[in-house]
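If you're wondering where the values come from, they're calculated on a predicted model, not measured in any experiment. Every chain is numbered from 1 and lettered A, B, ... according to where its sequence line falls, protein lines coming before strand lines.
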Amino acid sequence: MTETATHTTTAFTPPTRFAVPGRIEVAGEVAARWQPATLTEIRRETPRASTFRLAVPGWAGHLPGQHLMLRLTAEDGYTAQRHYSLASAPDDSGHVELTLDHVADGEVSGWFHRVARPGDRVEVRGPLSGFFAWPGDRPALLLGAGSGVVPLMSMVRHHRARRLSVPLRMLVSARGPEDLIYARELGPETTPVFTRTAPAGTPVGRLAAAHLAPLLSEPPAGGWEAYVCGSNSFAEHASRLLVAAGQPVDRIRIERFG
Amino acid sequence: MNTTRGFTGRARTARPGLPPGQYDAGDDWPVLSAEVTPDLTPADWTFRVGGLVAEPRTWDWADAHRMPASAYEGDIHCVTGWSKFGVRFAGVSLDAFLAAAGPLPSATHAVAYAHTGYTANLPLADLTGGRAWIVWEYDGRPLTPEHGGPARLVVPHLYFWKSVKWVAGLELLDHDEPGFWERNGYHPRGNPFEEQRYSGD
């Protein structure tokens, strides 16, 4: 599908404007191709999550918030494929990074956490989907939980690498400090929320209206573009808090695990 | 073939009916809507069939429930990779709604749209012949809001992004017009058995 058909008829518009239109055009022919990727580095992030750096010579570049599809192939030709968010900011290094939770019985993540070592080869296709992408244009309010921080971290890294002046804030929920992915990298743009255990002096509890109120009572010029990523229960909770705090539904993008 | 060192994968018990590249989600039913789940009650819900039809029609909750009941029992397949076997949806066959509105001979495609404004495009042939439903029950219970309740479209032979949640209507057209995900890089038709995930597949 590289051709764009033109119609003389007027495009149909539903009575309700869709909440969240895509942000970018996606080049289908690029995403359609499986490409070899070589694992070059593994970094432990938390007891349950590690970052895997892949050299992808044919990588076409991506925007923060996009994901890829990754495929493993067994000797007998059996394959397993999964979608993973890109953790790294776009750059010209010819590498991308993924941060994967070690899922119990995870067929693909289990291989990464138990077997993988630098030099191993896998296949990827992407980048995929423009819906959750953040090109770095609008003020970004990022809400993540657990490994839902991964695509949001790509945005934070992009913001830093390009020294963007557009406002960006991140609220990230973790069970405790030891489960906070990228803890060493988080800066003043980020507020961690700890749900089970927290350092002395830091409250324990769920993401709440009080976390959002200061950000949404005085939004930046043009308003926030909100990006929510995590489990479905977190996504439901966080998106309801955003709506209750006055964030327009058509400026809330949600990526749920699954 | 690019084999992955040390990767064996799950036991090769792939069940019949599992499309290529999919895995069996078992009892899980992941929720994957891109937008905020709307507060939509049965009293607020309507379903319209318009566009290239003899007579545009709109049904409310009670009207729709007076239509002949129909159920789907079978499998569903999500483009993110999971398939779910033996699900049970109950509602009304889309054929009944279409028959009431009377598609014109020029109608070849449809845009299905949600009360949130989400859209998906489908060839009319994929919506007729007992292959598509408007449903309000899952496994004998009311469909929950996060799964598209009070009512959603179900087109189980295509990837599930086509099965529009919180369905508000169908607009019949004489051409194909990409919906939300189709404009975001997804395949125009989305047949899981041909693994039509993304544009170009």
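- Within the 4.5 angstrom heavy-atom criterion, only backbone atoms of A/Ala116 (N, CA, C, O) approach chain B.
- The local environment of CD in A/Glu75 is sparse, with at most 12 non-hydrogen atoms from other residues, nucleotides or ligands closer than 6.0 Å.
- Rounding to the nearest 0.5 Å places CG of A/Asp76 at 10.5 Å from OG1 of B/Thr3.
- Between B/Thr4 and A/Leu72, the shortest heavy-atom contact is OG1-CA, 3.4 Å.
- Only the side chain of B/Trp181 comes within less than 4.5 Å of a heavy atom in chain A; its backbone stays farther off.
- Between A/Glu236 and B/Glu146, the shortest heavy-atom contact is CG-OE1, 3.8 Å.
- Using a 4.5 Å cut-off between heavy atoms, B/Asp28 makes no contact with chain A at all.
- The 12-atom threshold is exceeded at CZ of A/Arg44, counting heavy atoms of other residues, nucleotides or ligands nearer than 6.0 Å.
- Counting all heavy atoms, side chain and backbone alike, A/Arg125 lies closest to B/Asp201 at NH2-OD1, 2.9 Å.
- One N or O on the side chain of B/Asn184 and one on the backbone of A/Phe131 form a donor-acceptor pair closer than 3.5 Å.
- Under the 30°/60° scheme for interplanar angles, the aromatic rings of A/Tyr78 and B/Phe7 are found to lie parallel.
- In plain terms, the two heavy atoms of A/His67 and B/Tyr198 that are nearest each other are NE2-OH, 4.3 Å.
- Ranking B/Arg48, B/Glu171, B/Arg197 against chain A, the residue ahead of the rest is B/Glu171, based on heavy-atom pairs under 4.5 Å.
- A pairwise comparison of heavy atoms in B/Pro30 and A/Phe257 identifies CB-O, 4.5 Å as the closest pair.
- One distance of note links CD of B/Glu35 with CD1 of A/Ile254; it measures 7.5 Å at 0.5 Å rounding.
- In this structure, the side chain of B/Arg5 engages the main chain of A/Val115 through a donor-acceptor pair within 3.5 Å.
- For the atom pair CH2 (A/Trp34) and CG (B/Asn2), the distance works out to 11.0 Å, reported to the nearest 0.5 Å.
- In terms of non-hydrogen atom pairs under 4.5 Å with chain B, the most contact-rich of A/Glu123, A/Arg240, A/Glu255 is A/Glu123.
- Nearest heavy atoms, A/Ala74 versus B/Thr8: CB-O, 3.8 Å.
- Here B/Ser33 is the residue among B/Gly51, B/Ser33, B/Ala25, B/Pro20 with the most heavy-atom pairs under 4.5 Å with chain A.
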